[in-house]
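All remarks here apply to the structure that follows.
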Number of protein chains: 2
Amino acid sequence: MTKKDDFSLQDFLPYLLNQAAEESSLSFQQVYKGRYGMLRTEWRVLFHLGIYGELTATEIVTRARIHKTKVSRAVQKLVERRFVTRERDGDDRRQERLTLTHSGKVAYRDLQEIGERYQAQLTERLTQDEVAQLKRMLRVLAGLDK
Amino acid sequence: MTKKDDFSLQDFLPYLLNQAAEESSLSFQQVYKGRYGMLRTEWRVLFHLGIYGELTATEIVTRARIHKTKVSRAVQKLVERRFVTRERDGDDRRQERLTLTHSGKVAYRDLQEIGERYQAQLTERLTQDEVAQLKRMLRVLAGLDK
DNA sequence: AATCAACCATTACCAACGCAACCAAATTCC
DNA sequence: GGAATTTGGTTGCGTTGGTAATGGTTGATT
């Protein structure tokens with residue numbers, strides 16, 4: 001048997017990353033879907049606004065690397081459900097400043113807290129140090145580090 | 001500022017995993033899409049057949065954790081494009097044994113080789129040891145280790 | 001100041017997804 | 001041994017996603 005045949009999906013990084021990502025987002029998805037009827041993209045937009053405060057749609061697109069049509073639709077939903085308010089920028093009337101409403105902030109804090117607990121549970125089979133290493137490497141792979 | 005406010009998306013594991021997974025599958029997607037007009041699910045099915053040989057649709061579902069309708073449609077496409085043949089099982093006529101055709105094998109080997117090179121390039125900013133650690137942890141998170 | 005290119009965001013259109021319902025074959029149960 | 005249940009796989013249909021085109025605004029060129 002040659003070296004070539006040793007190749008396995010279990011060793012193919014994009015595949016492994018995908019499996020881990022899917023697995024890790026699945027149960028958390030139940031939370032924001034069940035509690036607030038949110039889709040994944042909506043939750044992600046909410047979180048960005050919760051963390052960074054006022055943002056425009058384009059800023060969310062570049063920060064979160066979500067397709068702009070997805071952001072557009074997610075914002076629409078969040079506005080409908082009164083989690084977010086949009087307001088045309090005075091200086092540049094093309095863009096809209098997005099901010100969380102009160103209930104948006106409440107939802108954010110609620111989910112953020114659950115998220116932290118969920119993360120802790122997710123990594124209980126790894127040491128603190130391993131988790132730190134893992135995150136560092138993921139940032140490298142995602143091209144998120146400076 | 002309290003501890004709570006330190007929470008950041010850059011530190012939320014499901015988010016990081018998703019970013020890394022998306023980033024790492026993006027350029028490779030161009031390859032199987034460009035060369036063979038395949039979708040992600042089709043490529044995944046092809047790889048499973050390439051690695052494990054003859055499988056049924058259900059076996060692919062459980063191994064790859066892909067929804068059965070996705071597998072069903074991917075198999076359909078792969079059969080149409082003559083990468084895969086299906087054959088009713090004699091013992092249990094509900095299931096179909098799936099195997100790669102010659103051109104299916106060729107495509108698999110081609111993509112597998114590119115995949116390996118791609119993986120090497122992806123991890124060039126990490127040491128061998130780090131990659132091994134990373135894969136181990138991802139398997140834990142994905143629930144893939146015994 | 002009129003034109004043109006660049007930009008922010010949305011929409012129209014079609015492809016892909018996922019749930020639930022379904023068909024056909026096999027197994028269980030009485 | 002026949003009805004009910006389970007299992008392998010497909011399909012219909014409403015939802016979600018991406019590409020490309022559009023509307024509306026700004027900035028640059030002249």
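In what follows, every chain begins at residue 1, and chains take the letters A, B, ... in the order their sequences are listed.
- Comparing dT11(C), dG9(D), dA25(C) against the side chain of R93(B) picks out dA25(C) as the nearest.
- Within 4.0 Å (heavy atoms only), K68(B) reaches at least one base atom of the nucleic acid.
- Contact annotation: T58(A) side-chain N/O to dA9(C) OP1/OP2 distance is under 4.0 Å.
- Rounded to an integer number of Å, the gap from E96(B) CD to dA26(C) P is 13 Å.
- Figure legend: cation-pi geometry between R81(A) and Y36(A) absent, as NZ or CZ is not positioned both under 6.0 Å from the six-membered ring centre and within 45° of its axis.
- Residue D91(B) contributes atom CG, which lies 14 Å from atom P of dG8(D) at whole-angstrom precision.
- As a whole-Å value, the separation of Q76(B) CD from dC17(C) C1' is 15 Å.
- Aromatic pair F47(A)/Y32(A): centroids not less than 6.0 angstrom apart.
- Using a 4.0 Å heavy-atom cutoff across all strands shown, T69(B) reaches at least one base atom of the nucleic acid.
- The distance between atom CD of E22(A) and atom C1' of dC17(C), rounded to the nearest whole Å, is 12 Å.
- Positionally, the nearest nucleotide of DNA chain C for K77(B) lies more toward the 5' end than for the other of K77(B) and D92(B).
- Ring geometry for F12(A) versus F28(B): interplanar angle over 60°, hence perpendicular rather than tilted (30 to 60°).
- No option in R136(B), K135(B), E130(B) other than R136(B) meets the side-chain hydrogen bond (donor to acceptor under 3.5 Å, both in side chains) test with Q133(B).
- Taking atom CD of residue Q29(B) and atom P of nucleotide dA16(C), one finds them 11 Å apart after rounding to whole Å.
- If you check the side chains of T99(B) and T85(B), you find a donor sitting under 3.5 Å from an acceptor.
- Contact annotation: H67(A) reaches the phosphate of dT19(D) (side-chain N/O to OP1 or OP2, under 4.0 Å).
- Atom-to-atom, CZ of R44(B) to C1' of dA16(C) comes out at 15 Å; the value is rounded to the nearest Å.
- Per the geometry, CZ belonging to R40(B) stands 20 Å off P belonging to dA15(C), to the nearest Å.
- Residue contacts for D89(B): at a heavy-atom cut-off of 4.0 Å it reaches no nucleic acid atom on any strand shown.
- Put simply, the side chain of R73(A) and the base of dG18(D) share a donor and an acceptor less than 3.5 Å apart.
- For Q95(A), the listed nucleotide lying nearest its side chain is dA9(C); candidates were dC19(C), dT16(D), dA9(C).
- In this structure, I66(A) atom CD1 and dG17(D) atom C1' are separated by 13 Å, rounded to whole Å.
- Among the atoms of the strands shown, only primed sugar atoms or phosphate atoms (P, OP1, OP2) are found under 4.0 Å from some heavy atom of R86(A).
- Between K70(A) and dT16(D) there is no side-chain N or O to OP1 or OP2 distance below 4.0 Å.
- Linking ILVMFWY residues whenever their side-chain heavy atoms come closer than 4.5 Å, directly or via other members, places V131(B) and Y118(B) in the same cluster.
- Annotation: of the two residues near DNA chain D, L39(A) and E59(B), the 5′-most nearest-nucleotide partner is E59(B).
- Side-chain atoms of R94(B) come within donor-acceptor range of the base of dT7(D), with a qualifying N/O pair under 3.5 Å.
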